[in-house]
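Residue numbers begin at 1 in each chain, while the letters A, B, ... track the order of the sequences.
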Amino acid sequence: MCQDRGCCHSCLHYVLDYETPKTLVIQSKAVGFVFRFTQLLVILYVVGYVCVVQKGYQETDSVISTVTTKVKGFAYSNTSDLEHRFWDVADYVIPPQGDHSFFVLTNIIVTPNQTQSRCPELPTPSSICTADCDCTEGHSDPRSNGIQTGLCVNYSDTQQTCEVLSWCPLEIDTNLPKHAMLAAAENFTVLIKNSVTYPKFKFHRRNIMPQINSSYLRRCEFNRITDPDCPIFRLKHIVSEAGEDFQSMAVKGGVLGILIDWSCDLDWWAGKCYPKYSFQRLDNKNPNNSVAPGYNFRFARYYKTPDGEETRTLIKGYGIRFDVIVFGTVPAVSDWVMLTCARKKDLYNKHKVTYLNEDSDSESVSG
Amino acid sequence: MCQDRGCCHSCLHYVLDYETPKTLVIQSKAVGFVFRFTQLLVILYVVGYVCVVQKGYQETDSVISTVTTKVKGFAYSNTSDLEHRFWDVADYVIPPQGDHSFFVLTNIIVTPNQTQSRCPELPTPSSICTADCDCTEGHSDPRSNGIQTGLCVNYSDTQQTCEVLSWCPLEIDTNLPKHAMLAAAENFTVLIKNSVTYPKFKFHRRNIMPQINSSYLRRCEFNRITDPDCPIFRLKHIVSEAGEDFQSMAVKGGVLGILIDWSCDLDWWAGKCYPKYSFQRLDNKNPNNSVAPGYNFRFARYYKTPDGEETRTLIKGYGIRFDVIVFGTVPAVSDWVMLTCARKKDLYNKHKVTYLNEDSDSESVSG
Amino acid sequence: MCQDRGCCHSCLHYVLDYETPKTLVIQSKAVGFVFRFTQLLVILYVVGYVCVVQKGYQETDSVISTVTTKVKGFAYSNTSDLEHRFWDVADYVIPPQGDHSFFVLTNIIVTPNQTQSRCPELPTPSSICTADCDCTEGHSDPRSNGIQTGLCVNYSDTQQTCEVLSWCPLEIDTNLPKHAMLAAAENFTVLIKNSVTYPKFKFHRRNIMPQINSSYLRRCEFNRITDPDCPIFRLKHIVSEAGEDFQSMAVKGGVLGILIDWSCDLDWWAGKCYPKYSFQRLDNKNPNNSVAPGYNFRFARYYKTPDGEETRTLIKGYGIRFDVIVFGTVPAVSDWVMLTCARKKDLYNKHKVTYLNEDSDSESVSG
């Protein structure tokens, strides 16, 4: 492009000339004071809001968490259905192990000795019959309990219903005990062990704090005021902190969250990073609109009679599912200090002044 | 530092002098128009893109979610292995309760009456033998089914294999039923109850919307067009929305995701925040490279014979695991409005002009 | 406001006047070089740090992950408690299926033939008695094993303890086998299938890479150097990579994390996106302060005797819980390029210079 020496020279000129804005200095103390005060505000904004409040210089990392739970306690039920039954952990914690979730059985409807056979359907408008022609062989209504055999049989002395092929006798789940069968479950305790790791910072913590010794752990029980670091929780205490009544929740079951908040600030002494527990009912207690309120599920225990026939005990178990929810982010000082604070500092830096002529007065006067 | 009055005076001078750049005003309407138009673009960019499109003024929060599921339905199988068997929830949902995941059994290979004993290994190149010396006592090939006893015994009339110590008889899992045994599972329904909480905003929602009443819930079934708010899903519908065929998926099993998207915008009427369901097959259906395609696992039921010997029924269960995956972030207006929009405004603010001399023309001419 | 033509004219004047700062050009090569060098640093910072290092132009998305696991292997135990017992997957994986977590039993304390009955409490300071009056009917100490009947009975020839109502005989869990009963579990293998989806980018990946064929999958085993893509892991290998000894961990159990890191960069060839496995013990091995170290839980198998009485076998199972933890974010180029890089470019743009007068020298001299 540059074909003669003059052009190249002017290119170099263009590249190496240094341009700086001309400034006018006003030697007024009032104006100067306002100017410096404005600068101060900008600096306070940068340091105070962006760095201190927003912690814009921090980098965050999400938590990797492991939870183990161990429930302790036993109960004795003496209702008519299951007279004089003793319950321990292996009976009432179902499934026997969970990671971040455990279920404690509090109320049950038991239907023992079911076999694959035929029996009269429970009486409902669609199952009541007067003759075999009211029943259709092979018909299976999703709301019924089995496949119709086409016969109309006696359900009771006064009622006839269609016979069904099913696990018989059928479960009658309408008379749920009004008082939770395992009312004693409120005194069960659960030990929650939680380890968290922030992979980016190679930061590791347990909810069992280093200053706690084993003898304390063997006898302590969580209490927000007196024992805030104890990882052993009484179920009744958890439920009442969530604003619920254990006995009324135990009848139909429910879901309860044990929230562990590990939001720490690694800028300060890392040893200060400890878990904050909170408790919250997660299902809806008394909604206007609900299907199957509470929490229950059906499971069975299978047996074989001496002659090889399979029988089962069907259990509709109501209880409280405790979900351990671990959350939190750990922020820490990082390279973002360059990115974020620097970004705001520009705002201030724009106000920087440069003196070219010491006798700026002469220039402005000359103008 | 400042040792005489003159120095202190000049320091004060330095601090309180106000400097402002000298500007040149070009009184050309063309140039002025271009300048203002550029300013307008910057303002539009700030308001339109940063604030409206990027929603830079919003703060986001992740979701804490609870899921409970309840499957309903029964089936009747009449294959040769398990003649005339009736299946209900307690039989086909394994484990009986899950939180964000539930499994529905659709096909099985049953090996009843296994006992701890000795039996001939299944014939494979490494297990076929002709004499005891072909078998090594105590040898256990990871690909075999037990620990060799050192004997070579008759597997069938024509074949001899090494005897092994194992749960006998051994499971033969090569003849999986071509048609899923619990084909009727496609008509099972599942009720999914999902509560979400955004802890930062104390915002709580259920997937059962407030306007839905209980009588609707008892009879409704999810349909994207007619019943988009119903939380009861027919399994066949879920699978077909994921682009799969239930019956072919049921034979070998698979994993299916029920995705619930709670991405709401709290800026607008919060009542508008409702879940969006989508369904997706999560395992690979027909990969070129796969081990153990589909989804299955083995479990056993343990019995005791009248004389106290332990026997078990081994079940290799194929089925569909439904994973309920809840995601979404809720953004809302917050202090970030100061940080983010203000940040962009600086861009514009830099263009602000200041008049010092009204007769700027004279100055530039004087130059 | 503007009531005469002159005012309106001056308004228009105000709007369309174009102001530009007056600049001073210093034609010094030294100063010019320093200036250009500073500009270069700013450009390098913008391009290098913000765009390349911080990847400020990328948008990220969190992962939706599905995990299925399948353990393979069998073991033979010949301890006194359970003489000559063969263990397969259905026996030692509890529960039989998990999604992101599976448990392998390695050591057990078995208490067979428990029935709901009465038996002497295990001797502890509070249970030892000399006469019935030392025991209180109905008393249940949370640290004991049942509800006292009020009788003082012979525990052994030398000791008397209070009789309790419980599952009898009571479990004696003090003599845990010193060597893990299922020591052979170290040679079990687990196949981990993991699919990840980034919904925002519609990006899908499996940990079984496309270039791997089925015959390789049938015989491979994960090794960081020779087989880094094989999804089949030997349990001993996992534990030793986490820096632990399988046999000592197997005695009391523990929790082990299998971390799958899917942090990919979609900017580059997406095919390069592959999982990185790492292993880490998640529970605390030898803390000074601990309750219930290791990992164990109790479960029971229920039987019925020929005369209908319920008995159970209580099992306190110790073992290793493997938690598969999938994490990672996928970033990709997006609109943020406008927002983020542009933001930094402003920093540079502020330095742009504009020439108004070619003979700037004359102006500065005139000053």
Side-chain angles (χ1 to χ4, degrees), chain A residues 21-29 31-36 49-50 54 56 94-95 101 103 116 140 142 145-147 165-167 255 257 259 280 282-284 287-292 295 297-300 302-304 306 312 314-315 317 321 323 325 327 343 347 350 353 355 360 366-367, chain B residues 12-13 15-22 62 64 66 68 70 72-74 76 84-86 88-91 93 95-97 99 113 184 187 189 191 193 195 197 199 206 208-214 216-218 231-232 301 303-306 311 313 335 338-339 343 346 350 356-357 363 366:
Chain A
K22 294 177 75 173
T23 59
L24 175 75
V25 174
I26 303 167
Q27 283 173 321
S28 148
K29 279 180 186 159
V31 172
F33 183 77
V34 168
F35 172 59
R36 291 294 173 197
Y49 184 75
V50 181
Q54 293 281 338
I94 303 154
S101 184
F103 172 82
Q116 297 265 347
S140 64
N145 292 294
I147 291 135
L165 206 80
S166 185
W167 281 103
V255 184
L259 282 71
Q280 193 182 321
L282 297 176
D283 65 322
N284 224 309
N288 295 324
N289 52 345
S290 185
V291 266
Y295 186 71
F297 59 92
R298 284 186 181 83
F299 62 98
Y302 298 85
Y303 305 102
K304 268 191 183 163
R312 72 172 195 185
L314 177 66
I315 298 165
R321 194 181 82 195
D323 288 357
I325 299 168
F327 64 102
R343 185 192 306 160
L347 219 128
K350 282 190 312 194
V353 291
Y355 272 90
S360 53
S366 80
Chain B
L12 193 73
H13 218 293
V15 168
L16 290 183
D17 277 1
Y18 173 61
E19 288 200 6
T20 186
K22 294 176 74 174
S62 289
I64 286 179
T66 311
T68 62
K70 203 179 184 81
K72 226 170 182 171
F74 52 82
Y76 191 75
H84 308 298
R85 192 180 170 88
F86 174 84
D88 69 3
V89 171
D91 297 322
V93 175
Q97 67 137 347
D99 43 354
N113 298 319
N187 285 320
T189 57
L191 161 66
K193 290 199 267 186
S195 293
T197 304
R206 295 197 304 149
I208 301 177
M209 313 299 287
Q211 70 269 24
I212 299 180
N213 60 42
S214 302
Y216 172 74
L217 281 175
R218 262 191 293 275
I232 298 166
R301 285 182 190 151
Y303 305 103
K304 268 192 183 162
T305 59
T311 72
T313 296
D335 282 347
M338 284 168 66
L339 211 62
R343 184 191 306 158
D346 299 339
K350 282 189 313 194
L356 182 69
N357 295 326
E363 193 195 350
S366 82

Proximity breakdown for [X] and chain B, heavy-atom pairs closer than 4.5 Å:
{"X": "A:Ile147", "answer": "both"}
{"X": "A:Tyr302", "answer": "both"}
{"X": "A:Leu282", "answer": "both"}
{"X": "A:Ile315", "answer": "neither"}
{"X": "A:Ser101", "answer": "side chain"}

> About how many Å separate OG1 of B:Thr313 and NZ of A:Lys304, when rounded to the nearest 0.5 Å?
Replying inline: 4.0 Å

> OG1 of B:Thr197 to CG of A:Leu259: how many Å apart, nearest 0.5 Å?
Replying inline: 8.0 Å

>> Which atoms of B:Lys193 are under 4.5 Å from chain A, going by heavy atoms: the side chain, the backbone, both sets, or neither?
In response: side chain

>> Tell me which of these, B:Leu191, B:Val89, B:Asp88, has more heavy-atom pairs under 4.5 Å with chain A than the rest.
In response: B:Asp88

> Looking at B:Tyr76 and A:Leu165, what are the two nearest heavy atoms and their distance?
Replying inline: CE1-CD2, 2.7 Å

> What pair of heavy atoms forms the shortest contact from B:Thr68 to A:Tyr295, and how long is it?
Replying inline: CG2-CE1, 3.5 Å

> Distance-only, no hydrogens or angles: does the B:Gln97 side chain make a donor-acceptor pair with backbone N or O of A:Ile94 under 3.5 Å?
Replying inline: yes

> Thinking salt bridges, do A:Arg312 and B:Asp91 make one under a 4.0 Å N-O criterion?
Replying inline: yes

> What residue in A:Arg298, A:Gln116, A:Gln280 has the most heavy-atom pairs under 4.5 Å with chain B?
Replying inline: A:Gln116

>> Tell me which of these, A:Ala300, A:Gly146, A:Pro95, has more heavy-atom pairs under 4.5 Å with chain B than the rest.
In response: A:Gly146

